[in-house]
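Inspection log for the structure reproduced underneath, given as structure tokens.
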Amino acid sequence: VTEGFSPGLENVVAARTTVSALDLERERITVRGYDLIELARTVHFPDVAHLLIRGHLPNLTEQASFCGALGTHSGLPEGVIDILRRLPRETSAMDTLRTGLSLLAGWEDPHVLAEHSPEANEAKAIRLLARGPSLTANGWRAIHAQPTLEPNPGLGFAGSFLWLIQGRAPDPEAVSTFDRVLTCYAEHEMAASTFAARVVASTMADLYGAVVAACAALKGPLHGGANEAAARMFAEIRMRGGAAAAEAYVMEQLWQGHRIMGFGHRVYMRRPDPRAVLMKEELDALAERDPEARAHVDAYEVVAATMEREKGLYPNADLPIGLALMLIGVPVELFTPVFMCARIAGVAAHVIEQQADNRLYRPRVHYVGPEDLPPPDGFAPSAC
Ligand code: ACO
């Protein structure tokens, strides 16, 4: 097959969906009919998760039952942490989360695990979403031989997540920023991780396997891993003198042929990412309250202006979110796991949709290798 090849599947439509779409003309991310940025401004992450998983914004009764379920399932089954503790200390937080997500499948009733109805997938999705924060924070604590903490659902989803990460009562402003981060990360159309999940789901494998595939894809520095790289860059720029050193830092990286993480995007390569616009406002608010944040945000502006001038590229969500998470005191190793925990909602919505009306993903290749080769001289079949 030689026709229809698009490297990286650029501009290829891979699904009909009611979950979300990037509207480039209106610079809008539509999630089940709503503007994601408006949602981030006006509602909390669990409402967005309900919208994604159940298909509509919850009424008061549904809100109570959804939040109740997130609280009820926020703890981990006994044994999960014991297994994670046996991982080598060098295991990254993202690999720990991926392993933990995979382990959780073992605690599902095998019949429920294998059931693909929207109702069964919704129930599993809510359990996975609920357990993400504890798996992230306590998995990381376990790896570092630290005592684990119990979730505190009374603080809300974002508040309990920050509590588990930081081990102290979270500052309400940090919770509000963190909640917006979660909503910005909840869903973004056919990202590589979502596509990976839909491919797995299309084999009628279970939701857990699809979420694990998404997690593996999200780790990459070209995808979710960019938020960590962005934060490390701002820490480095601060050490070199802050805003005054930012332009030289970017130029040096570009001259050396490096990419600046947190810039560029397959879909809106030359346009602003609406999530980045929102999160820059959040950074401005953080800078108003804290001179150290001000210094970082000043550097952010120089980096962004230099990239626009030099490459015509705009920040994607990971640039301001990486900095925001750093400023509210989330350890950098946990940035991509936090992204994953939020994205469970969107990925689950895609899996539910895929399996409700499935067709196996099975594309073709444009083969460019040799044909009809004879065995090499002296070749004999191996004995093993
Ligand atoms: N820094 C410097 N140059 C860049 C960057 C960047 N961050 N991104 C793209 N470019 C340049 C490329 O060098 C290339 O230039 P050239 O045409 O002169 O060779 C051009 O822009 C096109 O780049 P491609 O890699 O071909 O475009 P693609 O659509 O494959 O890339 C990607 C998209 C992978 C996201 C890219 O922009 C990138 O690597 N960004 C940095 C990683 C990042 O921030 N990822 C997060 C994505 S958003 C998210 O996951 C929430």
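The analysis underlying the following values was restricted to heavy atoms, covering all of them including side chains, and did not include hydrogens, waters or symmetry mates. Each ligand, and each atom within it, is numbered from 1 in the order the structure gives.
- Under a 4.0 Å N-O distance rule, the pair Arg240/Glu236 qualifies as a salt bridge.
- Close contacts of ligand 1 with Met261, meaning ligand atoms under 4.0 Å from a residue heavy atom, involve 41 (C), 42 (C), 44 (O).
- Between Phe178 and Phe161, the ring planes lie perpendicular to each other; the angle is over 60°, past the 30° to 60° tilted range.
- Closest protein heavy atom to atom 50 (O) of ligand 1: His223 ND1, 2.9 Å.
- For ligand 1, the polar-atom distance check finds an N/O of Arg266 within less than 3.5 Å of one of the ligand's N/O atoms.
- A side chain to side chain contact (heavy atoms under 4.5 Å, CB included) with Val19 is found for one member of Leu52, Thr194, Leu51, Ile352 and no other, namely Leu52.
- The ligand atoms of ligand 1 that sit less than 4.0 angstrom from a heavy atom of Gly262 are 43 (C), 44 (O).
- To the nearest 0.5 Å, atom CG of residue Leu323 and atom CD1 of residue Ile321 are 11.0 Å apart.
- For CG of Leu60, the number of neighbouring non-hydrogen atoms (other residues, nucleotides, ligands) closer than 6.0 Å is 12 at most.
- In Glu10, neither the side chain nor the backbone holds a heavy atom less than 4.0 Å from any atom of ligand 1.
- The N/O atoms of Phe339, backbone and side chain alike, include none that comes under 3.5 Å of an N/O atom in ligand 1.
- With a heavy-atom cut-off of 4.0 Å, Pro221 touches ligand 1 through its backbone alone.
- With hydrogens and angles ignored, the 3.5 Å screen pairs a side-chain donor or acceptor of Trp163 with a backbone N or O of Glu150.
- Shown here, atom 26 (O) of ligand 1 is out of close reach of the protein: none of its heavy atoms lies under 4.0 Å off.
- The nearest protein atom to atom 15 (O) of ligand 1, hydrogens excluded, is given as Lys311 NZ, 4.4 Å; this is a heavy-atom distance.
- Contact annotation for Met307 and ligand 1: only side-chain heavy atoms (C-beta onward) come within less than 4.0 Å of the ligand.
- Shown are Leu36, Thr42, Asp47; of these, the side chain to side chain contact (heavy atoms under 4.5 Å, CB included) with Thr183 is made only by Leu36.
- Summary of contacts: the protein heavy atom closest to atom 22 (C) of ligand 1 is Met269 CE, 3.9 Å.
- When the heavy-atom distances from atom 48 (S) of ligand 1 to His265, Arg343, Glu310, Gln253 are ranked, the shortest goes to His265.
- Protein heavy atoms are found inside the 4.0 Å sphere centred on atom 10 (N) of ligand 1.
- Close approach of ligand 1 to Ile260 (heavy-atom distance below 4.0 Å) involves ligand atoms 1 (N), 2 (C), 6 (C), 7 (N).
- Within a 4.0 Å radius of atom 31 (O) of ligand 1, the protein contributes at least one heavy atom.
- Residue Arg259 has at least one N or O atom closer than 3.5 Å to an N or O atom of ligand 1.
- The side chain of Leu313, and not its backbone, has at least one atom closer than 4.0 Å to an atom of ligand 1 (non-hydrogen atoms only; side chain from C-beta on).
- Side-chain N or O atoms of Glu187 include one that pairs as donor or acceptor with a backbone N or O of Glu189 at under 3.5 Å.
- Atom 19 (O) of ligand 1 is not flagged as protein-proximal [any protein heavy atom, distance under 4.0 Å].
- Between Phe195 and Tyr361, a ring centre-to-centre spacing shorter than 6.0 Å is recorded.
- Between Phe339 and Asp318, the closest side-chain pair of non-hydrogen atoms falls below 4.5 Å.
- No N or O atom of Leu254 sits closer than 3.5 Å to an N or O atom of ligand 1.
- Residues Phe66 and His56 keep their aromatic ring centres 6.0 Å or farther apart.
- At a 3.5 angstrom cut-off on N or O pairs, His258 does not count as close to ligand 1.
- Contacts between Ala226 and ligand 1 below 4.0 angstrom, taking non-hydrogen atoms only, involve the side chain exclusively.
- Arg198 has its side chain within reach of Met190: a pair of non-hydrogen atoms, C-beta onward, lies under 4.5 Å apart.
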Item to check | Glu247 and Arg309: CA distance, side-chain angles, deciding distance, salt bridge (charged side-chain N to carboxylate O under 4.0 Å, His left out) verdict | outcome: CA-CA 11 Å; Glu247 183 178 356; Arg309 184 190 74 212; 3.0 Å; yes
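- With Glu282 as reference, Arg180 is the one residue of Arg275, Arg41, Arg180 to meet the salt bridge (Lys or Arg N to Asp or Glu O under 4.0 Å) rule.
- In terms of polar-atom proximity, defined here as any N/O pair under 3.5 Å, Asn316 does make such a contact with ligand 1.
- The protein atom (non-hydrogen) at minimum distance from atom 49 (C) of ligand 1 is Asp318 OD2, 3.4 Å.
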